Novice: 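Dropping the structure in here first, questions after.
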Amino acid sequence: MEKLIMIKYGELTTKKGNREHFINTLYQNIIYKLKNFDYKIKKDRVRMYIESNEIDSIINVLTKVFGIHGIVIAYKTTDKNIDTIKNESLSILKTLNFSTFKVVTNRADKSYPINSMEISRQVGGYLLDNFEYKKVDVHNPELTLEIDLRPEGCFIYTDKNEIKGIGGYPVGIQGKGLLMLSGGIDSPVSGYLAMKRGINIECVYFESPPHTSLEAKNKVISLAKHLCDYVDKIKIHVVPFTKIQEAIYKNDASSYMITIMRRMMYRISTEVANNNNCKVLINGESIGQVASQTLDSMKVINEVTNIPVIRPVACFDKLEIIDIAKKINTYETSILPYEDCCTIFLPKHPVINPKLDACLEIEKRFDYESLISETIGNIETIVVTKDIDNNLKELL
Ligand code: ATP
Ligand code: MG
């Protein structure tokens with residue numbers, strides 16, 4: 001009997017029209033993630049099967065692939081004789097702890113001479129004969145034994161051998177989005193949640209040297225590196241934001257400093273998104289968290305862009321966001337103390353209900369359009385992978 005991994009798609013299978021696209025994207029994503037393993041993979045409309053001598057390490061990788069809902073260790077026998085199925089079922093169940101069970105058979109191989117009800121009955125009877133204290137419970141069993149009869153063999157597994165997958169949709173199924181990635185807690189979590197819905201991400205990061213340090217930039221690279229657990233690589237477009245920030249500051253934006261700065265960020269992000277085929281912007285704004293994230297602020301800031309802005313954590317409490325950040329291992333990096341470009345120019349009393357007219361009046365005072373095109377011309381793009389060395393190791 002051969003031990004193998006069976007992958008269940010779950011949510012995917014409900015999207016009938018797109019099923020093939022879903023399965024092919026998931027298949028490609030799994031192949032990327034398993035590039036360092038020796039294995040064989042097969043896919044069909046309901047499952048994928050992986051054979052390998054490194055099952056445990058492979059399962060570890062698969063628990064971070066979006067689109068997988070269940071990972072089952074299954075046993076396959078090519079000998080489909082009913083006596084073989086009975087014996088194999090018994091030897092699998094002998095290793096497990098349970099007191100009540102049921103047997104469910106799926107006969108995809110319609111040429112098999114015994115129908116599924118009868119197979120379940122015969123195997124169940126055999127198990128009862130061989131276990132002294134175990135009982136059948138069809139309504140609420142502690143263990144369900146599944147017998148999957150397919151043309152290529154019989155697959156036997158139990159729900160006790162199932163590991164929960166991470167769920168969601170395969171990354172890339174929705175195309176690309178541009179994540180505004182800062183060094184904070186919220187934006188990496190937003191990137192993770194967007195990827196979970198099938199969006200492949202590129203990132204934009206605004207830096208303001210010498211007001212922000214190289215460590216601040218390395219921190220952002222580190223965060224992207226953590227997000228590479230779920231994809232093979234992530235591009236970061238690093239925007240030199242100093243000149244624009246200084247221009248806003250010089251033109252006395254005072255309490256409007258952050259509002260204007262964020263309007264500039266949105267303008268630049270929109271252009272970067274359009275230049276890189278990203279359909280939406282994604283950011284870590286959360287309603288009410290800071291002055292620039294009141295509904296009034298969001299409205300005035302959002303006014304400069306015409307592409308959708310996805311805010312995955314908009315309605316989450318900070319503690320809920322922190323829980324996810326810890327789960328995806330970005331939290332420890334996010335709380336490293338390097339200054340972000342927003343905090344440096346933070347006014348004492350930032351406006352919480354900015355007016356569009358006031359923004360337009362301040363923006364008239366300097367030629368921000370030429371500054372923006374100059375800035376976009378000076379963007380540096382970094383490709384981050386799991387193996388990138390950004391000298392932050394000692395800090396993590
Ligand atoms: P924190 O977790 O401390 O709130 P944050 O990253 O959410 O940090 P905010 O000032 O709340 O910081 O900014 C709101 C959002 O704007 C961020 O989640 C991020 O998407 C975007 N943003 C802020 N600063 C930058 C930056 N320097 N580069 C790119 N995006 C940024
Ligand atoms: Mg925030």
Side-chain angles (χ1 to χ4, degrees), residues 177-194 199 201-209 211-224 226-227 234-242 244-245 248 257-273 278 280-294 297-298 301-302 304-305 309-326 328 330-347 350 352 375-376 379-382:
L178 184 69
L179 171 69
M180 300 168 73
L181 182 62
S182 66
I185 296 168
D186 306 328
S187 48
V189 169
S190 297
Y192 166 84
L193 292 171
I199 304 175
I201 55 168
E202 294 196 9
C203 301
V204 61
Y205 167 61
F206 295 85
E207 67 165 356
S208 296
H211 312 296
T212 58
S213 61
L214 190 60
E215 280 90 348
K217 176 171 162 183
N218 273 337
K219 185 176 161 184
V220 170
I221 295 173
S222 261
L223 290 171
H226 282 299
L227 295 179
I234 295 177
K235 275 187 192 169
I236 306 181
H237 305 283
V238 181
V239 180
F241 203 43
T242 318
I244 293 180
Q245 275 191 312
I248 307 170
M257 179 74 208
I258 299 288
T259 317
I260 306 293
M261 204 179 81
R262 295 194 66 78
R263 282 166 60 89
M264 297 300 165
M265 280 186 174
Y266 267 56
R267 288 184 170 108
I268 294 171
S269 300
T270 303
E271 219 166 310
V272 174
C278 296
V280 294
L281 296 183
I282 302 151
N283 67 36
E285 288 172 349
S286 180
I287 298 163
Q289 195 180 84
V290 288
S292 61
Q293 291 163 31
T294 61
S297 285
M298 281 181 173
I301 293 164
N302 208 131
V304 301
T305 186
V309 181
I310 312 279
R311 301 172 176 88
V313 301
C315 299
F316 285 14
D317 290 348
K318 193 75 188 186
L319 287 178
E320 293 171 318
I321 303 173
I322 289 175
D323 275 351
I324 302 176
K326 286 185 174 162
I328 64 171
T330 52
Y331 182 72
E332 294 298 326
T333 310
S334 291
I335 58 173
L336 291 171
Y338 307 113
E339 291 284 9
D340 180 50
C341 68
C342 287
T343 38
I344 284 158
F345 291 89
L346 197 67
I352 55 169
T375 301
I376 286 177
I379 285 177
E380 171 205 10
T381 298
I382 303 170

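These figures come from a predicted structure and were not determined experimentally. Both counts, for ligands and for their atoms, begin at 1 and track the order of listing. Worth knowing before you read on, the calculation uses all heavy atoms, side chains too, and leaves out hydrogens, waters and symmetry mates. We number each residue from 1, following the sequence as shown.
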Novice: Which option, Arg311, Arg262, Lys318, owns the non-hydrogen atom nearest atom 16 (O) of ligand 1?
Specialist: Arg262

Novice: How many angstroms lie between atom CD1 of Ile335 and atom CD1 of Ile185, to the nearest 0.5 angstrom?
Specialist: 7.0 Å

Novice: Please list, chain by chain and in numerical order, all residues satisfying side-chain hydrogen bond (donor to acceptor under 3.5 Å, both in side chains) with Ser182, sequence neighbours excluded.
Specialist: Ser187

Novice: Show me which atoms of ligand 1 lie under 4.0 Å from any heavy atom of Gly184.
Specialist: 2 (O), 6 (O), 8 (O)

Novice: If I apply the N/O under 3.5 Å rule, does Met265 come out as touching ligand 1?
Specialist: no

Novice: Quick test of your reading of the structure: of Asn283, Val220, Asp186, Leu179, whose heavy atom lies closest to atom 1 (P) of ligand 1?
Specialist: Asp186

Novice: N/O of Gly183 under 3.5 Å from N/O of ligand 1, yes or no?
Specialist: no

Novice: Between Phe206 and Ser269, is there a side-chain heavy-atom distance shorter than 4.5 Å?
Specialist: yes

Novice: Just verifying a value: how many Å separate Ser190 OG and Leu281 CG, rounded to the nearest 0.5 Å?
Specialist: 12.5 Å

Novice: If you measure from CG on Leu223 to NE2 on His226, what distance do you get to the nearest 0.5 Å?
Specialist: 6.5 Å

Novice: Quick one: OG1 on Thr375 to CZ on Arg267, what's the gap to the nearest 0.5 Å?
Specialist: 12.5 Å

Novice: Any side-chain heavy atom of Glu271 within less than 4.5 Å of one from Ile379?
Specialist: no

Novice: Side-chain contact test, heavy atoms from C-beta onward, threshold under 4.5 Å: evaluate it for Ile301 versus Thr259 and give yes or no.
Specialist: yes

Novice: How does Leu181 reach ligand 1, if at all, at less than 4.0 Å between non-hydrogen atoms: by side chain, backbone, both, or neither?
Specialist: backbone

Novice: Taking 4.0 angstrom as the limit and counting only heavy atoms of Gln289, give me the atoms of ligand 1 inside it, by number and element.
Specialist: 4 (O), 11 (O)

Novice: For ligand 1 and Phe206, I'd like to know whether there is a polar contact (N/O to N/O, distance under 3.5 Å).
Specialist: yes

Novice: Below 4.0 angstrom from a heavy atom of Val204, which ligand 1 atoms are there? Numbered from 1 as shown, please.
Specialist: 29 (C)

Novice: May I ask whether Gln293 places a heavy atom under 4.0 Å from ligand 1?
Specialist: yes

Novice: Closest by any non-hydrogen atom to atom 2 (O) of ligand 1: pick that one out of Ile185, Val239, Ile236.
Specialist: Ile185

